[in-house]
S.K.: 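One structure is given below, represented as structure tokens, and several questions about it will come after.
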Amino acid sequence: MTAVKSDFLHVMQERGFFHQCSDLAALDQKLCSGVQSAYIGFDATAQSLHIGNLTGIMMLYWFQQTGHKPITLMGGGTSKIGDPSFKDESRKLMDDDTIAANIEQIKATCFRQFLRYGDGPTDALMVNNDDWLSGLHYLSFLRDYGRHFTVNRMLSFDSVKLRLERESPLTLLEFNYMVMQGYDFLELHRRYGTLLQMGGSDQWGNIINGVDLGHKADQVQLFALTAPLLTTASGQKMGKTEKGAVWLNAAMLTPYDYWQYWRNVEDADVGKLLRRFTILPLDEIAKLESLGGSDINEAKKILAFEATKICHGEAAAQEAAATAQKVFEQGGVGDDLPSITVERARLSTGIALLDLLVEAGFAASKGEARRLVQGGGIRCNDNIVNDDKFVAKESDLTSEGYIKLSAGKKRHALVRI
């Protein structure tokens, strides 16, 4: 790996964030010359970001920690379009009110625990590309900037090629996304002197568009830096559970479930995830990833605690760890265990176990719930239930006033009145 002098690029290399850079030597020199500005864009397609976005957030975190100014660019404008992805279908279009509401939720729950915002030279800045994209005059924009983008080059991007190879529709709307993202980079350089855009390796083509546009339109050198996509040791894309995405918003995924996600990662991934998603010293991480056998579980607990602490705070991490200890090591019930609430009248007449499993998020359908029961994977108050016609009643409530449901050894939930 090429030796670098700047603290930021050194951290990127050591912690596994480095994949590609457009001009490493020149960027390294710039970062050594004083405070610089870098950004990552986040589209507002949901009310929360997820751990697929966490790599970018941590890159911005380390950018700030090494003495530079990070910018979180909210895609209020680009969210109206949707980027060409590797999926066969276009994004569903959202109205302005939905996008604005999503941005407010993301601002409140997904950035401020990682970045320090303010007016200082290295304080983070949050901007919205709708501020400039919605005011563009289409004909003027095409005349001034459209000539700098070639269809030949845009067709070479993997996300586009894959859609064309599958003969999946690729709309002009989505094609324009690449132009918009390139223009964002130019606009941020003009407004804030931003010289670096970062992202995942799948964003390389889009980022390079902005680098090229900066050179052609304003004769400035901009830079691209990408990180490897987050995959498991077995090659699977990380960030999904039986319940769906691993959200950063505690209202969409509890700190306990967040803690559990990290606790249950594959053994071979522990070192990589500790480097990328915690701020523990590297020598301590080296000791943890060298643990073998059952000792690796202790490293996973530390990973879960540290990752939860930086996202949800130390108190939430401690509570999640305490709950896990009560549930898994002591056979009890923790205060932070996920729960669902049912009306007493429903429980008095009886609630089908299959319905409760779906409501608790253990299964997406009754059919899937039935297969879990028939496979011997479901317990009610720690007793295995083999009857898929089992009905939970008020008499099943424990003295503490709950029914404990378990799916396998790792998923638990409480049914409360």
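The first residue of the sequence shown is numbered 1, and numbering continues consecutively from there. Every heavy atom of this structure was used, including side-chain atoms; hydrogens, water molecules and symmetry mates were not. Computed from a predicted model, the values in this text were never measured in an experiment.
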S.K.: Enter the distance from Thr109:OG1 to Glu104:CD here, rounded to the nearest 0.5 Å.
M.R.: 10.5 Å

S.K.: Just how far is it from atom CZ of Arg379 to atom NZ of Lys404, taken to the nearest 0.5 Å?
M.R.: 6.5 Å

S.K.: Before accepting this row, confirm whether a basic side-chain N of the pair Arg275/Glu289 lies closer than 4.0 Å to the acidic partner's carboxylate O.
M.R.: yes

S.K.: For atom CD of Gln113, decide whether the heavy atoms of other residues, nucleotides or ligands shown that lie under 6.0 angstrom number more than 12.
M.R.: yes

S.K.: Which pair of non-hydrogen atoms, one from Pro228 and one from Gly16, has the smallest distance, and what is that distance?
M.R.: CD-O, 3.7 Å

S.K.: Quick one: are Gln197 and Ile207 in side-chain contact, heavy atoms under 4.5 Å?
M.R.: yes

S.K.: Could you please spell out the steps behind the side chain to side chain contact (heavy atoms under 4.5 Å, CB included) verdict for Thr55 and Phe17?
M.R.: CA-CA 8 Å; Thr55 290; Phe17 289 99; 3.9 Å; yes

S.K.: Please round to the nearest 0.5 Å and tell me the distance separating atom CD of Gln221 and atom OG of Ser22.
M.R.: 7.0 Å

S.K.: Answer yes if the side chains of Asp7 and Trp62 hold a donor-acceptor pair under 3.5 Å, and no otherwise.
M.R.: no

S.K.: Please set out all donor-acceptor pairs under 3.5 angstrom arising from side-chain atoms of residues 278-287, sequence neighbours excluded.
M.R.:
{"residue": "Thr278", "atom": "OG1", "partner": "Leu274", "partner atom": "O", "Å": "2.6"}
{"residue": "Thr278", "atom": "OG1", "partner": "Leu280", "partner atom": "N", "Å": "3.4"}

S.K.: Partners of Phe114 by ring pair (Phe, Tyr, Trp, His ring centres under 6.0 Å), sequence neighbours excluded?
M.R.: none

S.K.: Is the closest side-chain heavy-atom distance between Tyr39 and Phe185 below 4.5 Å?
M.R.: yes

S.K.: Can you sort out the partners of Tyr117 under ring pair (Phe, Tyr, Trp, His ring centres under 6.0 Å), two or more places apart, ordered by chain and number?
M.R.: none

S.K.: Apply the salt bridge (charged side-chain N to carboxylate O under 4.0 Å, His left out) test between Glu359 and each candidate in Arg346, Lys366, Arg416; give the one that qualifies.
M.R.: Arg346

S.K.: Which heavy atom of Met252 sits nearest to which heavy atom of Ser48, and what is that distance?
M.R.: SD-CB, 3.4 Å

S.K.: Determine which pairs satisfy ring-ring contact (aromatic ring centres under 6.0 Å, His included) with at least one residue from residues 205-232, sequence neighbours left out, and list them in order.
M.R.: none

S.K.: Measuring from atom CG of Asn129 to atom CG of Leu188, what distance do you get when rounded to the nearest 0.5 angstrom?
M.R.: 8.5 Å

S.K.: Can you confirm whether the side chains of Ser294 and Asn297 place a donor and an acceptor under 3.5 Å from each other?
M.R.: no

S.K.: Search all heavy atoms of Asp43 against all heavy atoms of Gly75 and return the closest pair with its distance.
M.R.: OD1-CA, 3.4 Å

S.K.: Which pairs pass ring-ring contact (aromatic ring centres under 6.0 Å, His included) with one or both residues in residues 283-314, sequence neighbours excluded?
M.R.: Tyr258-His312

S.K.: Check Leu136, Asp130, Asp131 against Ser134 for a side-chain contact (heavy atoms from CB on, under 4.5 Å) and give me the one that passes.
M.R.: Asp130

S.K.: According to ring pair (Phe, Tyr, Trp, His ring centres under 6.0 Å), who are the partners of Tyr145, at least two apart in sequence or on a separate chain?
M.R.: Phe141, Tyr183

S.K.: Any chance you could measure Leu60, atom CG, to Ile40, atom CD1, to the nearest 0.5 Å?
M.R.: 4.0 Å

S.K.: State, yes or no, whether a side-chain contact exists between Leu195 and Lys30 at a heavy-atom distance under 4.5 Å.
M.R.: yes

S.K.: Mind listing the closest non-hydrogen atom pair of Met126 and Phe111 along with its distance?
M.R.: CE-CD1, 3.3 Å

S.K.: If I take atom CD1 from residue Ile57 and atom CZ from residue Phe277, how far apart are they, to the nearest 0.5 angstrom?
M.R.: 9.5 Å

